Amino acid sequence: MDYQYTKVNGIFFFRSTNDIMLLVILAIVPGIIIECYYFKIAILIQILLASFASVIFELFVLKLRKKDIYTYYFDFSPLLTGILLGLSLPAYSPWWMSIIGSFFSIVITKQLYGGLGYNIFNPAMAGYAILLVSFPVLMTNWSFQNNLILLDTLSFKDVMSIIFFTNLDDYYKIMSQFCDIPTFITQVTPLEQIRIHNKNVLVNVASVMSFVDEITMYRHWILINFGFFIGGIFLLIKKIICWRISFSILLSLFSCYLFDFFYLKHDSISPLIQLFLGSTMISVFFIATDPVTTSITKIGRIIFGGFIGVLIWIIRTFGGYPDAISFSILLANSLVPLIDHYTQPRIYGKIK
């Protein structure tokens, strides 16, 4: 199966869905390796859990729909959805969260709409969003990740025990023990540090040295985002994704942070550093660029990306969720039919 409509817009040329999915999975590997370096085996377990569950749910629903397995199943799209979902989850999430998220991504968001090519919303982000709304404490508790030194004290047996054999009450007790440790930084991502503990953790970025201090402070998140950035550049070179979406997201997000930095002064983190925090780069290059759920026109893709960038800044700055990626992309997905309607190119010879 080919992406026929993407050929019309000149992005994909003579590539099958299988080839596209495999190249995207290959491009995401550098980011996974860096994330595994910092967060150990736990993040790999989440990826394997979500991938396995997504593949099984896809096979199950295709059987129910009596679809040709060999035509629809081996396109690697459920595997990619599982990888993106697993990367989005907190590394030490209970195992059943990956299962619930995968079920909502594949069964509800994708297959109930007709399968690949017919879904309105990005499956991975829909699964992530339903988990974020349903289990806000578990989904925003990144205490282990923010105290990387403590991760070295956990053995493989400890990691397996936390993910697979700890009930919810014990899970909260483990988290509270980490919170009591004097060196504990915070329970959520650096974005939450910026949003809540602004004046306590930020540094003055008026000088070059302060900028370097910022890079040092958030180096692990910056390096992880840089890994996904490298993968995104690879996809752009291979013409797998549309540069208009990624460029417009980064430009609008950078412009908003620049305006905030100089005029609104909600925080004093460098706008450039802001682009490499949270899950920005994986979303810009691997999630928002999903060809099924984006606009099909060139101008529409720029509007789509710009809208996502502005939404990310608004929600991160004024909303209750520190990252905002999932809600921004899902809201933009819902506007795609409207964007396409008003950005259709004029047909040659047609009079307005």
Side-chain angles (χ1 to χ4, degrees), residues 1-6 12 15-29 31-32 36 41-91 93-132 134-135 139 160 163-165 231 235 240-241 282 286-287 289-294 326 329-330 333:
M1 181 172 65
D2 293 328
Y3 283 108
Q4 296 296 334
Y5 72 91
T6 51
F12 307 116
R15 290 188 187 278
S16 67
T17 303
N18 300 23
D19 292 339
I20 293 172
M21 295 298 169
L22 282 176
L23 284 172
V24 174
I25 292 172
L26 178 64
I28 210 170
V29 169
I32 293 177
C36 287
I41 193 69
I43 194 68
L44 195 58
I45 293 174
Q46 297 296 341
I47 293 172
L48 293 175
L49 271 174
S51 301
F52 178 76
S54 296
V55 169
I56 294 299
F57 283 133
E58 178 95 350
L59 179 61
F60 177 71
V61 177
L62 287 177
K63 281 282 187 182
L64 286 180
R65 296 177 62 199
K66 298 180 180 178
K67 294 289 185 180
D68 181 11
I69 299 299
Y70 291 99
T71 302
Y72 292 94
Y73 187 66
F74 296 101
D75 57 17
F76 301 106
S77 63
L79 178 62
L80 178 60
T81 299
I83 292 173
L84 293 175
L85 179 63
L87 281 168
S88 304
L89 295 174
S93 301
W95 64 271
W96 45 265
M97 289 185 64
S98 296
I99 308 300
I100 295 174
S102 301
F103 174 82
F104 197 86
S105 297
I106 298 297
V107 179
I108 305 297
T109 308
K110 182 181 175 183
Q111 289 297 336
L112 287 187
Y113 281 90
L116 181 64
Y118 298 96
N119 51 293
I120 301 173
F121 300 102
N122 183 282
M125 285 299 94
Y128 175 83
I130 197 67
L131 290 174
L132 186 61
S134 304
F135 310 101
M139 289 296 290
M160 296 296 285
I163 295 176
F164 289 98
F165 304 109
L235 293 179
I240 299 298
I241 61 175
I282 186 175
F286 293 92
I287 299 175
T289 52
D290 174 14
V292 176
T293 56
T294 61
S326 59
I329 291 177
L330 293 176
N333 290 158

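When reading the values below, keep in mind they use all heavy atoms of this one structure, side chains included, and skip hydrogens, waters and symmetry mates. Values in this document were obtained by computation on a predicted structure and should not be read as measured data.
Using a 4.5 Å heavy-atom threshold, the side chains of T289 and T294 count as separate. Counting heavy atoms from C-beta outward, F57 and I99 have side chains that approach closer than 4.5 Å. Looking at P90 and M97, their side chains never come closer than 4.5 Å, going by heavy atoms from C-beta outward.
Across F76 and N18, no two heavy atoms sit closer than the pair CD1-O, 4.0 Å. Between N119 and Y113, the shortest heavy-atom contact is CA-CB, 3.9 Å. Minimum heavy-atom separation, L85 to Y128: CD1-N, 3.8 Å. Nearest approach of M21 to L80, heavy atoms of both residues: SD-CD2, 3.6 Å. Nearest heavy-atom pair across L79 and S51 is CD1-CB, 3.7 Å. Closest heavy-atom contact between Q46 and A91: NE2-O, 3.0 Å.
To the nearest 0.5 Å, atom CZ of residue F103 and atom CD1 of residue I106 are 11.0 Å apart. Atom CD1 of I47 and atom CD1 of I32 lie 4.0 Å apart (nearest 0.5 Å). Taking CG from L87 and CD1 from I43, the interatomic distance works out to 5.5 Å, rounded to the nearest 0.5 Å. Considering CD1 of I28 and CD1 of I83, their distance stands at 6.5 Å, rounded to 0.5 Å. Here CG of L89 is found 11.0 Å from CG of L84. Values are rounded to the nearest 0.5 Å. Of the inter-residue distances, the one linking D290 atom CG with I241 atom CD1 reads 11.5 Å to the nearest 0.5 angstrom.
The main-chain N or O of S102 is never found under 3.5 Å from a side-chain atom of S54 such that the two would form a donor-acceptor pair. Without hydrogens or angle criteria, N122 side chain to N333 main chain gives no donor-acceptor distance under 3.5 Å. Without hydrogens or angle criteria, T109 side chain to P123 main chain gives no donor-acceptor distance under 3.5 Å.
Here F52 pairs with nothing under the ring pair (Phe, Tyr, Trp, His ring centres under 6.0 Å) rule; sequence neighbours left out.
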Q | Verdict with supporting geometry, F60 and V107, side chain to side chain contact (heavy atoms under 4.5 Å, CB included) | A | CA-CA 9 Å; F60 177 71; V107 179; 5.9 Å; no
